[in-house]
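Let me begin by presenting the structure, written as C-alpha cells, before commenting on it.
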Amino acid sequence: MEHKDIHAPHGNKLNTKGWSQEGAMRLLMNNLDPMVAKDPANLIVYGGKGKAARNWEAYDKIIESLKSLENDETLLVQSGKPVGIFRTTKEAPRVLIVNAQIVPHWATDDVFWDLEARGLTMFGQMTAGSWVYIGTQGVLQGTYETLYALAKKVYHSDNLKGKWFLSAGLGEMGGAQPLAAKMNGCTSIIVEVDMEKINRRLRDKYLDKYTKTLDEALKLKDEAIKSGEPVSIAVLGNAATVYQELQDKGIVPDIVSDQTAAHDLNLGYVPEGYTIENFQKFREEHPEQFKKKVYETIVKQVKSMLYFQSKGSSVFDYGNDIRTRAKEGGLSNAFEIQGYVPAYIRDLFAVGSGPFRWLALSGNPDDIRKIDEAILKNIDDKHLTDWIKLAGEYVHFQGLPARICYASYGEREKIGLMINDMVRKGELEAPIAIGRDHHDTGSVASPYRETEAMKDGSDAIADWPILNALLNAVSGASWVSVHHGGGTGIGNAIHSGFVIIADGTDDAAERIKRVLNADPGIGVIRHADAGYESSRDIIKKGPKFKSPYFSK
Ligand code: NAD
C-alpha cells in the first residue's frame with residue numbers, strides 16, 4: 001500500500017461499520033497527514049519520536065481492522081501494533097490503546113530506546129499514539145492559557161497589555177510563543193539561533209519582526225509598549241548570550257521563560273560560540289567537549305533567568321527540562337524557578353479545566369465555524385469566548401479542521417451535548433470527534449510538569465491516570481489510551497486520553513454525558529484529594545458525582 005500523502009477521508013459517508021471506527025480511522029490518518037505530522041514518512045507526528053503506529057505494516061493492519069470492526073467489537077493496540085479483536089459490548093470503546101509501558105525498574109531511556117530500536121515498542125507521546133493531535137493550534141492555545149493565567153495571578157488582570165515577555169526558541173512548539181503573547185496583549189522578544197526558524201514564523205504570521213541586535217529589539221519593544229500595540233520581535237542569537245547582555249544592561253523583563261529544546265542535550269540546544277550549521281560537527285568530532293559546552297551555556301542562561309527572577313520578573317520553566325539540565329551542569333539552585341503548571345496552570349486543572357478539543361470528521365471548516373458561533377451564543381464564559389474569537393481570526397487549520405479551548409468541569413459536557421445536537425439536527429456535515437490532550441486535569445502523573453509540587457506531595461502517584469482511563473472506558477468513550485513518557489520523557493510520566501464521537505444519536509448523547517462528566521470529574525477529585533480548595537468547593541456544590549471524602 002502507498003504510504004505517501006495520507007489524508008483522512010472527508011464527507012459524511014462511512015468507510016467502516018460505525019462512526020466510532022470511522023472517527024478512529026480518520027483521526028489516525030489525520031495524525032499522519034503531511035500538513036499535520038512532523039515526519040510522516042517515519043510515522044512521526046510530533047514531540048521527538050512521537051508516533052501514530054509502530055510501523056507501516058501495523059498501520060495497514062489497524063486501518064484494515066477498523067474497516068471490518070463490528071459495533072460490538074474492540075480492537076487492542078499494543079504500542080502502535082494491533083494485536084487482537086474481541087467481542088465486547090456496544091457500549092464499550094471500539095479501540096483500547098496502550099503505548100510505551102515499561103515495568104518501572106526498566107523504565108529508563110537506555111532500556112526503552114533499545115527495545116524501540118528492536119521494534120518491540122513505540123513512543124506515542126501524548127496525542128500522537130492516541131490519534132488526536134491537531135497541529136500547532138494545541139500549543140498556541142496552551143501557551144495563550146499559560147500567559148493568561150499569569151496575567152490573572154500576577155497582575156490580577158485579564159490581559160498583559162503594557163508588559164513584555166523574554167523567551168527563546170522558535171521551533172515546533174516554541175514558535176507559538178510570539179503569537180500567544182500577542183493574543184494576550186503582550187509584547188515579546190524571542191531569541192532564536194536559527195534564521196530559518198525566524199523566517200518560517202514571519203511567513204506564518206506567528207511573528208511580526210526580526211532584528212539582528214538586542215538594542216534594535218529593545219527599541220522596537222519600547223515603541224510597542226508606548227503605542228499600546230503589542231508586537232512580537234525575534235532576535236537572531238544565542239539565548240545565553242542575549243539574556244546575559246540584557247542582564248548586563250540592567251534591563252528586567254516582566255516575564256521570562258525558554259523554549260529551546262534543552263531537554264535534548266544532543267540536538268536541542270546550541271552551545272555559545274556555535275551556529276545552527278556547525279554545532280553538530282562539533283558534537284560529532286568532540287562529544288565530551290560539546291557536552292561540557294552545552295552545560296556551560298545552559299547554566300549561563302539559567303543564571304540570568306534567576307537574576308531576572310531576583311529583580312521581580314515572573315520566570316517559569318515551560319516544560320523543556322532546562323532546570324534539570326542546569327542542575328546537572330552544577331547550578332544547584334536552578335529549581336528556584338517554578339514550573340509553569342504549579343505556577344499558573346494548576347488553578348485551572350483544579351477546577352477540571354484543560355485542553356478540550358474537537359475535530360470535524362467531514363473535513364469541512366464550516367462545521368468548526370458553526371460550532372464556534374454556537375459557543376459564542378450559548379456559553380457564558382468570557383475568557384473561553386474571547387479565545388474562540390481570537391482562534392477564529394488567527395488559527396489556520398492543518399488537516400481535519402479542529403478547535404481547542406480550555407473548558408472546565410460542567411462546560412465540557414455542555415459543549416459536547418451542544419455539538420451532538422447540532423449533528424442530530426443536520427446543522428453539521430458529519431459527526432464530530434471530541435477529545436483532549438493527555439496534559440489535563442485528572443489524566444496525568446508527571447512530577448516534572450503536570451503534577452510538579454502538588455500540595456500534598458503526591459506528584460509521582462500514578463493511580464490517577466489509570467483510573468481515568470478505566471473510567472472513560474466504562475463510561476463509553478469511543479477509544480481510550482494509556483501512555484508512558486509523553487512530555488517529560490521515559491520514566492517521568494504516565495498519562496491517558498480518550499476520544500468520543502458525537503454522531504447525533506441519543507446513544508452518543510448518553511455517552512457524552514457520562515464521559516464528559518467523568519473525565520474532568522476525576523480531575524476535580526484528584527485535586528481535592530491533594531488539598532486544593534477550589535476543587536473541594538466544586539464537590540461541595542453537588543456536581544454529578546460523589547466523593548466519599550468531600551461530598552456534603
Ligand atoms: P524544537 O527543537 O522544534 O525547537 C527548539 C528551537 O530552539 C530551535 O528552533 C533551535 O534553533 C532553538 N535553539 C536551540 N538552542 C538555542 C539557543 N542556545 N539559543 C537560541 N535558540 C536556540 O523544539 P520544540 O518542539 O519547539 O520544543 C521546545 C521545548 O519545549 C522542548 O524541550 C519540548 O520538550 C518542550 N515542550 C513543552 C511543552 C509545553 O507544554 N510546555 C509541550 C511540548 C514540548
Side-chain angles (χ1 to χ4, degrees), residues 38-39 44-50 123 125-128 133 135-136 138-147 166-178 180 189-201 206-207 214 234-245 257-277 279-280 283 293-302 304 316-325 339-341 343-345 354-355 437-440 444 446 448-450 452 485-489 492-493 495:
K38 173 176 156 181
D39 177 8
I44 297 171
V45 184
Y46 78 101
K49 212 176 172 190
F123 186 58
Q125 258 297 358
M126 290 196 159
T127 51
Y133 184 63
T136 312
V139 69
L140 177 66
Q141 209 267 342
T143 310
Y144 169 82
E145 289 296 340
T146 301
L147 292 173
L166 171 72
S167 193
L170 288 171
E172 289 305 309
M173 299 287 141
Q177 296 179 103
I189 295 183
I190 316 286
V191 190
E192 168 59 61
V193 78
D194 182 354
M195 191 59 217
E196 238 179 81
K197 298 284 169 51
I198 296 177
N199 281 333
R200 180 176 159 209
R201 294 304 172 178
Y206 268 53
L207 174 72
L214 175 64
V235 181
L236 180 66
N238 192 296
T241 317
V242 177
Y243 282 33
Q244 175 74 52
E245 206 183 327
S257 193
D258 174 71
Q259 278 273 270
T260 60
H263 75 276
D264 181 344
L265 289 180
N266 289 325
L267 305 172
Y269 193 89
V270 179
E272 230 179 354
Y274 291 82
T275 64
I276 200 76
E277 289 81 23
F279 85 112
Q280 282 307 311
R283 179 175 73 95
K293 191 75 196 158
V294 168
Y295 273 128
E296 271 172 27
T297 312
I298 290 178
V299 165
K300 179 172 171 179
Q301 186 185 344
V302 175
S304 292
F316 62 93
D317 172 309
Y318 198 29
N320 67 347
D321 247 4
I322 195 162
R323 294 172 300 177
T324 310
R325 296 309 183 206
Y340 71 104
V341 176
Y344 310 116
I345 295 288
D437 197 350
H438 292 198
H439 169 70
D440 200 6
V444 52
S446 185
Y448 290 139
R449 206 165 88 173
E450 289 88 343
E452 174 180 341
T488 46
N492 295 323
H495 39 93

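We count ligands from 1, going down the list as the structure has it; atoms in each ligand are counted the same way. Values below: all heavy atoms of this structure, side chains included; hydrogens, waters and symmetry mates excluded. Since we're looking at a predicted model, the values are computed, not measured.
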Inset, instruction - Report yes or no: does Arg449 have a heavy atom closer than 4.0 Å to ligand 1? - result: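 Arg449 counts as a contact of ligand 1 under the 4.0 Å cut-off.
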Inset, instruction - Take every heavy atom of Gly237, measure it against each atom of ligand 1, and state whether any distance is under 4.0 Å. - result: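 Judged by the 4.0 Å heavy-atom criterion, Gly237 does count as contacting ligand 1.
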Report the nearest protein non-hydrogen atom to [atom]: residue, atom name, distance rounded to 0.1 Å.
| atom | value |
| --- | --- |
| atom 41 (N) of ligand 1 | Tyr318 O, 2.7 Å |
| atom 4 (O) of ligand 1 | Gly171 CA, 3.2 Å |
| atom 24 (P) of ligand 1 | Met173 N, 3.5 Å |
| atom 23 (O) of ligand 1 | Ala261 CB, 3.8 Å |
| atom 21 (N) of ligand 1 | Val193 N, 3.4 Å |
| atom 35 (C) of ligand 1 | Gly319 O, 3.5 Å |
| atom 9 (O) of ligand 1 | Glu192 OE1, 2.8 Å |
| atom 19 (N) of ligand 1 | Ala239 N, 2.9 Å |

Legend entry - Option with minimal heavy-atom separation from atom 16 (C) of ligand 1, where the choices are Val139, Asp264, Thr260: Thr260
Inset, instruction - From atom 31 (C) of ligand 1, work out which of His263, Glu172, Lys197, Gln301 has a heavy atom at the shortest distance. - result: His263
Within reach of ligand 1, part of [X] (heavy-atom separation under 4.0 Å):
| X | result |
| --- | --- |
| Gln259 | both |
| Tyr340 | side chain |
| Thr143 | neither |

Inset, instruction - With the side chain counted from C-beta on, respond yes when His439 and His495 share a heavy-atom pair under 4.5 Å apart, and no when they do not. - result: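 His439 does not reach His495 side chain to side chain.
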Legend entry - Glu172/Arg200 salt bridge by N-O under 4.0 Å criterion: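 Salt bridge between Arg200 and Glu172, a charged N being under 4.0 Å from a carboxylate O: yes.
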Inset, instruction - Output yes when Lys293 and Glu272 qualify as a salt bridge under the 4.0 Å nitrogen-oxygen rule, no when they do not. - result: no
Backbone or side-chain N or O of [X] under 3.5 Å from ligand 1 N or O:
| X | result |
| --- | --- |
| Ala168 | no |
| Gly487 | no |
| Gly175 | no |

Is the side chain of [X] donor-acceptor paired with the backbone N or O of [Y] at a distance under 3.5 Å, no angle test?
| X | Y | result |
| --- | --- | --- |
| Gln280 | Asn266 | yes |
| Gln259 | Ser167 | no |
| Gln141 | Gly138 | no |
| Arg325 | Ile298 | no |
| Thr260 | Ala168 | no |

Legend entry - Partner of Tyr269 under side chain to side chain contact (heavy atoms under 4.5 Å, CB included), chosen from Val193, Val294, Asn320, Asp264: Val294
Legend entry - OH/Tyr448: more than 12 non-hydrogen atoms of other groups inside 6.0 Å: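 Counting neighbours around OH of Tyr448, 12 or fewer heavy atoms of other residues, nucleotides or ligands fall under 6.0 Å, so no.
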For [X], atoms of ligand 1 separated by under 4.0 Å from a heavy atom:
| X | value |
| --- | --- |
| Asp194 | 11 (O) |
| Tyr269 | 14 (C), 15 (N), 18 (N) |
| Ile276 | 11 (O) |
| Gly268 | 14 (C), 15 (N) |

Legend entry - From OG1 (Thr136) to OH (Tyr206), nearest 0.5 Å: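 Spacing of OG1 (Thr136) from OH (Tyr206) equals 5.0 Å.
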Legend entry - Between CE on residue Met126 and OG on residue Ser446, distance to nearest 0.5 Å: 6.0 Å
Inset, instruction - In sequence, state the C-alpha distance, the side-chain angles, and the governing distance for Lys38 and Val45, and then conclude on side chain to side chain contact (heavy atoms under 4.5 Å, CB included). - result: CA-CA 5 Å; Lys38 173 176 156 181; Val45 184; over 6 Å; no
